[in-house]
Amino acid sequence: MTATHLPAAPHVAPSTAALAAIPPARIPALLQAMPKAELHLHIEGSLEPERIFALAQRNGVQLAYPSVEALRAAYAFTDLQSFLDIYYAGASVLLTEQDFHDMAWDYLLKARAEHVVHVEMFFDPQTHTARGVPFEVVVRGLKSACDRAERELGVSAALIMCFLRHLSEEDALQTLDSALPFRDLFIGVGLDSSERGHPPEKFARVFARCRELGLHLVAHAGEEGPPAYIESALDVLHVERIDHGVRCVEDPALVARLAREGVPLTVCPLSNVKLCVFASLGAHNLGSLLQAGLKVTLNSDDPAYFGGYVNQNYLETFAALGLDAAAAYTLARNSLEASFASEAHKAAWVARLNAVFAEAIAAG
Ligand code: HPA
Ligand code: ZN
């Protein structure tokens, strides 16, 4: 064993040479075992068809599909909007605090099994309040599942409230007002739903208010929308992370800026293929984004709809793009560092990540 291939001490980041020596055959197990954060997960997008039907029955809600199989068969999307139509229909079965708790708990059990140590989950209150479900019911049900995950699973979980960009800014401002009594139950706000024709600047005032309130800020941009939406999310909304952001490559100056400023991108490869942003995983630009030095993270978006949870995203993307152990380490470390958790938590998770890699390196 040469000096460069000596296993690193568990708390030390693996060297480039040690990472390069990890055999490709070990990478799938490493992807699954490494501690990671999930930073782009719509909790309503984790509703599996079986849970949708069980909740429909429990709540006496009539669904437009006769069976689980028929619903699943409808998951063939041509773009973001074709997905959103089915996603909002699926969420219509959620009525009670227990429903929201059960949905989040289903996801958190999977997260634990996939070595997700921290999740910042999006929720879409307007989808529910528009049906007469009070904001309080939504946020209390989700938060109780997050708190339970901390206690029972050792998974850290926090909530990010998203505004639906196809609705007006007035509607977003009213949603913020109804959320304020529960300010301590969520850590930030985001912007999701139909991107084209709804630029970030439409929400300048509501994001300015959220900023004054000390909330963390993120926004979907550059999924289907142009690179200019990424710029206005940064310059007008002052977001701390960009959700998706894959269309940044169309503007080299923007790529250089994102790299220079270390802006994290929460990339979701299986989602991008399902929504036809890329023709296949092999055509995905994740490898180029990493090579450009961007702070990329890997996430599942709406796992029940897009063919897999976060580890499936890692496994399939690594296989399709031939990514190596250094990419695995970078993506996991980025996910932990780009989270809104405390520096102490981040340091503890990075130490665990280093230990998992030290073990893989020692195993040769
Ligand atoms: N993009 C925009 N809005 C969303 C998404 C997405 O991928 N998933 C749920 N809402
Ligand atoms: Zn999303």
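Just follow the structure's listing: the first ligand is 1, and inside any ligand the first atom is 1. When reading the values below, keep in mind they use all heavy atoms of this one structure, side chains included, and skip hydrogens, waters and symmetry mates.
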H40 N/O under 3.5 Å from ligand 1 N/O: no

Results of salt bridge (Lys or Arg N to Asp or Glu O under 4.0 Å) for R333 - residues two or more places apart only: E337

Side-chain ion pair, R58 and D102, N-O less than 4.0 Å: yes

Pairwise side-chain contact, R165 with D192, heavy-atom cut-off 4.5 Å (strictly under): no

Per atom 4 (C) of ligand 1, closest listed option by heavy atom (K274, H166, H42): H42

Test side chain to side chain contact (heavy atoms under 4.5 Å, CB included) applied to R112 - qualifying residues, sequence neighbours left out: H115, L153, V155

Heavy-atom gap D243 to ligand 1 smaller than 4.0 Å: no

Close-contact set for ligand 1 against F83 heavy atoms, below 4.0 Å: 8 (N), 9 (C)

Ligand-residue contact atoms, ligand 1 with L84, heavy atoms, under 4.0 Å: 4 (C), 10 (N)

Close-contact set for ligand 1 against H244 heavy atoms, below 4.0 Å: 7 (O)

Salt-bridge criterion met for R51 and D106 (N-O under 4.0 Å): yes

Heavy atom of the protein closest to atom 8 (N) of ligand 1 (residue, atom name, distance): D302 OD2, 2.7 Å

Total protein N/O/S atoms whose distance from the Zn ion (ligand 2) is less than 2.8 Å: 4

Which of the ligand 1 atoms, numbered from 1, are nearer than 4.0 Å to a heavy atom of L80: 1 (N), 2 (C), 6 (C)

Pair R241 + E120: basic N to acidic O under 4.0 Å: yes

Subset of ligand 1 atoms that lie under 4.0 Å from at least one heavy atom of E223: 1 (N), 2 (C), 6 (C), 7 (O)

contact_flag F122 ligand 1 heavy-atom lt 4.0 Å: no

Nearest-contact summary for atom 7 (O) of ligand 1 - protein heavy atom, Å: D301 OD2, 2.7 Å

Top protein contact for atom 3 (N) of ligand 1, by heavy-atom distance: S193 N, 2.8 Å

With D235 via salt bridge (Lys or Arg N to Asp or Glu O under 4.0 Å) - residues at least two apart: R257

E170 and R205 ion-paired at < 4.0 Å: yes

Short N-O contact, R209 and E212, less than 4.0 angstrom: no

Close side-chain approach of H128 and V138, heavy atoms under 4.5 Å: yes

Heavy atoms from other residues, nucleotides or ligands near CD of E152 exceed 12 (cutoff 6.0 Å): yes

Under 3.5 Å side-chain donor-acceptor pair for E38 and Y107: yes

